[in-house]
Amino acid sequence: MNVIAKSTSIAPFTKAVIEVCSVGATKPKTHAKIPKKKILHTEPIKRQTIHGYNQDLQLHGALRVTSGIGVNSQVTQRRLAHTDIRVPSFDDYRKDETKNPAVKSRFNEESKKVPAYLVTMGYGVAGAYVAKSIVHDLVSTLAASADVLAMAKIEVKLDTIPEGKNVVFKWRGKPLFIRHRTAEEIAKEQSVNVGELRDPQADSERVKQPEWLIIIGVCTHLGCVPIANAGDFGGYYCPCHGSHYDASGRIRRGPAPLNLEVPEYQFEGNTVVVG
């Protein structure tokens with residue numbers, strides 16, 4: 001048998017048979033059965049709350065949860081070198097009423113919402129105040145400067161203007177004419193036929209007090225400044241293109257299409273406030 005095993009190609013197989021089967025043996029040798037070692041599990045920890053699991057992690061280390069069909073849910077200890085980490089405890093920061101899950105806490109869900117609502121309201125009020133401040137500052141930068149606001153209105157003492165004279169003031173960068181009209185000028189302008197005017201307008205529509213004519217001294221043709229107490233009608237005359245205005249500031253002759261502009265004004269005693 002040994003000769004055959006060494007001389008043929010089936011030597012490996014025959015050699016294995018020789019080692020297993022002994023001469024004159026009727027039964028092959030078999031490997032000895034190693035008795036299975038029963039894995040003993042520790043007693044299940046009968047806790048079903050997160051607080052209980054936290055305590056078990058601190059006492060026993062890593063845990064294993066076993067559950068399934070036909071198997072009672074249980075938590076057993078399993079210690080692994082790379083997972084044996086202590087879980088920190090936050091009991092020092094928790095309220096005493098919430099440490100024990102078996103005791104019903106007086107802090108319900110509604111009471112926990114109150115601090116959140118207060119904080120949210122505080123942030124909302126602060127945000128609204130900041131937004132208001134930003135908008136106020138932005139609008140302030142777009143507003144008129146102090147020098148422009150100072151020129152928005154002008155006050156003139158009327159007792160300084162003699163009768164029959166026209167005084168020129170500067171208002172918002174434009175010449176302002178204030179004329180103290182005589183009784184003859186008032187009667188003359190009130191008797192004018194409005195239908196004959198290029199820009200029909202009665203004298204009473206252009207003055208609040210008959211003796212005071214307040215107009216802007218800018219020609220409505222090309223923006224020139226007319227000359228007072230001149231022209232064919234005794235009012236104003238623009239020498240640039242020959243526009244003639246009467247003592248009510250109405251265009252009577254020349255290229256100007258409209259009457260001289262009347263600004264907003266009001267009388268305050270013996271003072272007129274323009275603007």
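Nothing here was measured: the structure is a model prediction, and the numbers come from that model.
For the atom pair Ile178 CD1 and Ile214 CD1, the distance stands at 5.0 Å (nearest 0.5 Å). Of the inter-residue distances, the one linking Trp212 atom CH2 with Ile186 atom CD1 reads 10.5 Å to the nearest 0.5 angstrom. The distance from the OG1 atom of Thr220 to the CG atom of Asp199 is 8.0 Å, given to the nearest 0.5 Å. One finds the CZ atom of Arg250 at 11.5 Å from the CD1 atom of Ile215 (value rounded to the nearest 0.5 Å). Interatomic distance, Leu142 CG to Leu138 CG, rounded to the nearest 0.5 Å: 5.0 Å. Atom CG of residue Leu258 and atom OG of residue Ser243 lie 11.0 Å apart, to the nearest 0.5 angstrom.
A salt bridge links Arg179 and Glu185; the closest N-O separation between the charged side-chain nitrogens and carboxylate oxygens is under 4.0 Å. Using a cutoff of 4.0 Å between basic side-chain nitrogens and carboxylate oxygens, Arg206 and Asp246 are not scored as salt-bridged.
The aromatic rings of Tyr265 and Phe267 sit perpendicular to each other, their planes meeting at more than 60°, with 30° as the lower class boundary. In this structure, His241 and His221 have perpendicular ring planes: the angle between them is above 60°, well past the 30° mark. Classification of the His244-Phe233 ring pair by plane angle, with boundaries at 30° and 60°, yields perpendicular.
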Handout entry: From CA spacing to verdict: side chain to side chain contact (heavy atoms under 4.5 Å, CB included), Leu197, Arg252
Key = CA-CA 7 Å; Leu197 300 177; Arg252 303 295 294 273; 3.5 Å; yes
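Inter-residue side-chain proximity for Val218 and Pro175 is flagged as met; some heavy-atom pair is nearer than 4.5 Å. Looking only at side-chain heavy atoms (C-beta outward), Leu213 and Glu189 stay at 4.5 Å or farther from each other. At a threshold of 4.5 Å between non-hydrogen side-chain atoms, the residues Cys240 and Leu222 do not count as touching. Between Pro257 and Ile251 there is no side-chain heavy-atom pair separated by less than 4.5 Å. At a threshold of 4.5 Å between non-hydrogen side-chain atoms, the residues Asp203 and Arg181 count as touching.
For the ring pair (Phe, Tyr, Trp, His ring centres under 6.0 Å) criterion with Phe177, the lone passing option out of Trp171, Phe169, Tyr236 is Tyr236.
By the criterion of side-chain heavy atoms lying less than 4.5 angstrom apart, applied directly or through intervening Ile, Leu, Val, Met, Phe, Trp or Tyr residues, Val272 is grouped together with Ile216 in one hydrophobic cluster. In the hydrophobic clustering of this structure, Ile161 groups with Val262; members are Ile, Leu, Val, Met, Phe, Trp, Tyr whose side-chain heavy atoms approach within less than 4.5 Å, directly or through other members. A chain of hydrophobic side-chain contacts below 4.5 Å, direct or via other Ile, Leu, Val, Met, Phe, Trp or Tyr residues, connects Met121 to Val114. Criterion: ILVMFWY side-chain heavy atoms under 4.5 Å apart, direct or through other members. Under it, Ile154 and Leu260 are part of a common hydrophobic cluster.
In this structure, Pro226 and Cys219 approach most closely via the heavy-atom pair CD-N, 3.9 Å.
Residue Lys208 places its NZ atom among more than 12 non-hydrogen atoms of other residues, nucleotides or ligands, all under 6.0 Å distant.
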